[in-house]
Amino acid sequence: MPSAAEMEQRFVAVLVSLQRGEVVSYGDVAEVAGYPRRSRAVGRLLSASPVDVPWWRVVRSDGRLATTPWSEQAALLRSEGVLVRGDRVVASPLGRFRREAAVDG
DNA sequence: CAATTGACGGGTG
DNA sequence: GCACCCGCCAATT
């Protein structure tokens, strides 16, 4: 059984692999890292932000940004070409881990 | 050790 | 959209 540190290390590996304009959900990061249903652990890692990772490319599974209306996240995403309306990501491919686009005007 | 707390996710009405 | 509900799991109290 991998330790919690190992798990977080895997999370980081996935996070740093995200490309510019690529958006994924917390659950996606956990699953791709090999730890399904560890979405909360991903959020906890980012809340601690112990490492240099593109945290702004991680949103909720429904496309909403972080719990609080962090204007910075929206700004960073827009700077990468991601369409953001209010606290929601729209017309985003949600990275290479999500096929659905939930495209809406 | 029990309860609470989150940058979560899905379901129901 | 809103209000609740439950499951989940590491850290904190």
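Quantities reported herein were computed from a predicted structural model and do not represent experimental measurements. Throughout, a chain's letter reflects where its sequence line sits, starting with A, and its residues are numbered from 1.
- In this structure, Leu65(A) and Leu77(A) have side chains that are in contact, with non-hydrogen atoms separated by less than 4.5 Å.
- In this structure, CG of Asp28(A) is placed 14 Å from P of dC8(B), rounded to the nearest angstrom.
- Among dA7(B), dG10(B), dC8(B), the nucleotide with an atom closest to any side-chain atom of Ser47(A) is dA7(B).
- Between the CG atom of Leu15(A) and the P atom of dA7(B) there is a distance of 16 Å, rounded to whole Å.
- With sequence neighbours excluded, no residue forms a salt bridge (Lys or Arg N to Asp or Glu O under 4.0 Å) with Arg78(A).
- Shown here are the salt bridge (Lys or Arg N to Asp or Glu O under 4.0 Å) partners of Arg10(A), two or more places apart in sequence or in another chain: there are none.
- Here, dC4(C) and dA7(B) have their C1' atoms 22 Å apart, quoted to the whole Å.
- Within the 4.5 Å cutoff, the side chain of Val59(A) has no heavy atoms near those of the Tyr26(A) side chain.
- Asp62(A) places its CG atom 10 Å from the C1' atom of dG10(B), with the value rounded to the nearest Å.
- The nearest whole Å value for the distance from the CZ atom in Arg64(A) to the P atom in dG10(B) is 11 Å.
- Following rounding to the nearest Å, Trp56(A) (CH2) and dA7(B) (C1') show an atom-to-atom distance of 15 Å.
- To the nearest angstrom, P of dA7(B) lies 15 Å from CG of Asp87(A).
- Shown here are the ring pair (Phe, Tyr, Trp, His ring centres under 6.0 Å) partners of Trp55(A), two or more places apart in sequence or in another chain: Trp70(A).
- Partners of Arg40(A) by salt bridge (Lys or Arg N to Asp or Glu O under 4.0 Å), not counting sequence neighbours: none found.
- Spacing between atom CZ of Phe11(A) and atom C1' of dA7(B) amounts to 13 Å, rounded to whole angstrom units.
- Along DNA chain C, the stretch of nucleotides lying under 4.0 Å from any heavy atom of chain A spans, 5' to 3', dG7(C) to dA11(C).
- The separation between Glu72(A) atom CD and dA7(B) atom C1' is 13 Å, rounded to whole Å.
- In this structure, Glu31(A) and Arg37(A) have side chains that are not in contact, with every pair of non-hydrogen atoms separated by 4.5 Å or more.
- Contact annotation: side chain of Arg40(A) to base of dG6(B), donor-acceptor pair present below 3.5 Å.
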Legend entry - Asp62(A)/Arg64(A) under salt bridge (Lys or Arg N to Asp or Glu O under 4.0 Å): CA gap, chis, key distance, verdict: CA-CA 6 Å; Asp62(A) 58 7; Arg64(A) 286 179 308 186; 2.9 Å; yes
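- In this structure, Asp87(A) CG and Gln73(A) CD are separated by 9.0 Å, a value rounded to the nearest 0.5 Å.
- Taking a pair as Watson-Crick or G-U wobble with both distances under 3.5 Å, DNA chain B forms stems of 3 or more consecutive pairs at B:2-6 with C:9-13, B:8-13 with C:2-7.
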